[in-house]
2 protein chains.
Amino acid sequence: MQKTKLIDFPAIKTACSRCSLQQLCLPQGLNSADMERLDQLVKRPRPLHRGEYLFCQGDRLKSLYAVRSGSFKTYSLGEDGNEKILGFHLPGELLGLAGLGHGEYRAAASALETASVCAVPFDRLQDLADHLPSLNHQLHKIMSQRISRDQEVLLLLGDKSAQERLATFLLNISSRFAERGFSAREFNLSMSRQDIANYLGLTLETISRTFSHLQKDGALEVDRRLIRIVDRECLANIAGACFTDASSATH
Amino acid sequence: MQKTKLIDFPAIKTACSRCSLQQLCLPQGLNSADMERLDQLVKRPRPLHRGEYLFCQGDRLKSLYAVRSGSFKTYSLGEDGNEKILGFHLPGELLGLAGLGHGEYRAAASALETASVCAVPFDRLQDLADHLPSLNHQLHKIMSQRISRDQEVLLLLGDKSAQERLATFLLNISSRFAERGFSAREFNLSMSRQDIANYLGLTLETISRTFSHLQKDGALEVDRRLIRIVDRECLANIAGACFTDASSATH
DNA sequence: TCATTTCTTTGATACAGATCAAGAAACTGC
DNA sequence: GCAGTTTCTTGATCTGTATCAAAGAAATGA
């Protein structure tokens, strides 16, 4: 029985030890002196365990974070105490962007499993970006990608059925795994049914039922949090027009 | 009978003739030479009429736009042809941000009524921002505010009832009017019931019913698209914890 | 090891909002 | 002004998901 947690994959360390640098620099290709300067900014705080906070809603903005291993959820909590999950963050992805304009974090981030991050002090990043246009453009790019990704979620929550939402969610997660060099076909979800339900605007019972249903239809094999995508075609049809990227990396 | 369209308010021209400059520079206070350079970038295309496109999904990114008068909706369309409205844009607000990271517009923008914009050529803005840290920081700020605003909408669509959604929507619109110097208490909606429904993930019938209901409860007076907020307190209670800004500007 | 807690599945029932339908009111162009 | 179209309101019915309930499976901790 496969009990592998994300963090146990050996490829993680290779893929993500310099993940914040990759995120910020890869496309523009800073020269090595500039890379060096950026590298010096990056801190590696101790790993966090499941449920621990990376930051809380309203904390003063200190750093942007890039996930090195494990995964996080970000959520905002209304004063009635209940949380609304805004997103899940896999290795290589950035946390804290929404705070840039406000000087404080707009949501809380907590680890879904044992997880580690790179921290990039915000003010020093900003200073550096002022002198490195390519870094700066990359920042713009990342932020606007975030905007359009959030807008895709709006699309999702707009008027889609439970099946469409879950199928879209799974394909999304799958392709994010694939981007980082993991299997797009089989993976462990690090979040609970409750978390998925919250994120998709449904209840955990509906998520559970929908998993069962997708399994009965032969699109998935579900063993608790281990998901195997059996019929990607079928899943994509159910998801609707949202996802068409083949992500044929099914190693 | 009040038939005034937004564009007829005399205050609009005063408030918005330099709106893109206000948006980009006000908080940081560029010096007048820098303001001058930015001002030279700004173009004023001819006004658009209801239903005309400012840009389409997939168009190459040329400019960022700031709404001068009138209003716009941005929407993305699935290949099944049906559109999903991502947002409404009132005078002073920016359009096209989500395209920054992609080189093309991520959604279409069309005028809800006769409307005009300022256009800021994107590449030249980027050049200028490279040399003006304060402008650059302002761009960062605007983008991250957009991210957190989109996330608020996620919150809204997550698990709120029709009443909560509509009340939140109206308070949101109201406070955006107030920011621009218009009445927060009484205003004309420039979008149809169908557009509101689409945006809020409901049907137009539900929107219509909910308007009637809010009116019966004494929170609103509704005369087709003219809305008067009678009991802001009540509306805020219905909206839930989402909106607490008093916006006491009820002139 | 067992007891406790957390997570997940499945079933029965209720309800908010969707859908179908029809008519009223306002706007359009001639 | 008048026909035609679009937008809005209201009613009747249907349905997908929430809610309530219970029990099984896995993780946790002593």
Side-chain angles (χ1 to χ4, degrees), chain A residues 1-5 8 49-52 73 82 84-85 110-114 156-167 169 188-216 220-227 238 240, chain B residues 1-5 49-51 73 82 84-85 110 112-114 156-167 169 188-217 220-227 238 240:
Chain A
M1 180 48 38
Q2 164 100 325
K3 294 208 180 190
T4 332
K5 293 263 175 77
D8 296 332
H49 297 114
R50 195 160 86 90
E52 285 187 306
K73 62 177 175 182
N82 56 9
K84 167 66 193 179
I85 295 177
S110 75
L112 288 167
E113 60 194 321
T114 305
L156 185 62
L157 294 182
D159 52 356
K160 299 228 183 291
S161 70
Q163 281 212 27
E164 292 172 313
R165 292 183 202 201
L166 187 57
F169 172 75
N188 266 295
L189 295 173
S190 52
M191 68 292 286
S192 67
R193 301 283 191 263
Q194 173 63 71
D195 281 344
I196 298 172
N198 184 315
Y199 177 65
L200 295 178
L202 300 165
T203 58
L204 83 171
E205 294 96 329
T206 299
I207 294 297
S208 183
R209 271 186 253 272
T210 307
F211 266 124
S212 304
H213 194 221
L214 288 175
Q215 183 164 229
K216 207 173 299 173
L220 297 177
E221 278 169 27
V222 183
D223 180 4
R224 218 169 159 77
R225 294 193 180 184
L226 177 67
I227 307 295
I238 292 169
Chain B
M1 178 47 38
Q2 166 98 327
K3 294 208 182 191
T4 333
K5 291 266 175 76
H49 297 114
R50 193 160 88 90
K73 62 178 175 183
N82 56 9
K84 167 66 193 179
I85 294 178
S110 75
L112 288 167
E113 59 194 319
T114 304
L156 184 62
L157 294 182
D159 54 357
K160 299 229 182 290
S161 70
Q163 281 212 26
E164 290 171 315
R165 293 183 201 201
L166 187 57
F169 172 74
N188 266 294
L189 295 173
S190 51
M191 68 292 288
S192 68
R193 301 284 191 263
Q194 173 64 70
D195 281 344
I196 298 173
N198 184 315
Y199 178 64
L200 295 177
L202 300 165
T203 57
L204 84 171
E205 294 95 329
T206 299
I207 295 295
S208 183
R209 271 185 254 273
T210 307
F211 266 125
S212 302
H213 194 219
L214 288 174
Q215 183 164 230
K216 208 174 296 171
D217 289 358
L220 297 177
E221 278 169 26
V222 184
D223 180 4
R224 219 168 159 77
R225 295 193 180 183
L226 177 68
I227 307 294
I238 291 170

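Just the heavy atoms: all of them, side chains too, but no hydrogens, waters or symmetry mates, feed the values below.
- C:dA16 atom C1' lies 16 Å from atom CG of A:Asp159, rounded to whole Å.
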Worksheet item: Where along nucleotides 7-19 of chain D does protein come under 4.0 Å, by heavy atom, of base (B) or sugar-phosphate alone (S), with - for untouched nucleotides?
Response: SSBBBB----SSB
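- What separates CG of A:Leu166 from C1' of C:dT8 is a distance of 14 Å, to the nearest Å.
- Taking the C1' atoms of five terminal pairs at each end of the helix from C:dT1-D:dA30 to C:dC30-D:dG1, the two resulting helix axes are inclined by 60°, rounded to 10°.
- Smallest separation of non-hydrogen atoms from B:Leu202 and B:Arg165: CD1-CD, 4.1 Å.
- Looking at every heavy atom in both residues, A:Thr114 comes nearest to A:His49 through OG1-CD2, 3.7 Å.
- Here the closest heavy-atom approach between residue B:Ser190 and residue B:Arg225 is recorded as O-NH1, 3.3 Å.
- What separates CG of B:Asn198 from P of C:dA18 is a distance of 12 Å, to the nearest Å.
- Looking at B:Lys73 and B:Met191, their side chains never come closer than 4.5 Å, going by heavy atoms from C-beta outward.
- C:dA26 atom P lies 13 Å from atom CG of B:Leu226, rounded to whole Å.
- The side-chain hydrogen bond (donor to acceptor under 3.5 Å, both in side chains) search around A:Thr203 returns A:Thr206, not counting sequence neighbours.
- Scanning all heavy atoms of the two residues, the minimum distance from A:Leu200 to A:Leu157 falls at O-CD2, 3.2 Å.
- Between A:Ser110 and A:Gly51, the shortest heavy-atom contact is CB-O, 4.0 Å.
- Annotation: the span from B:Phe211 atom CZ to B:Leu189 atom CG amounts to 5.5 Å, rounded to 0.5 Å.
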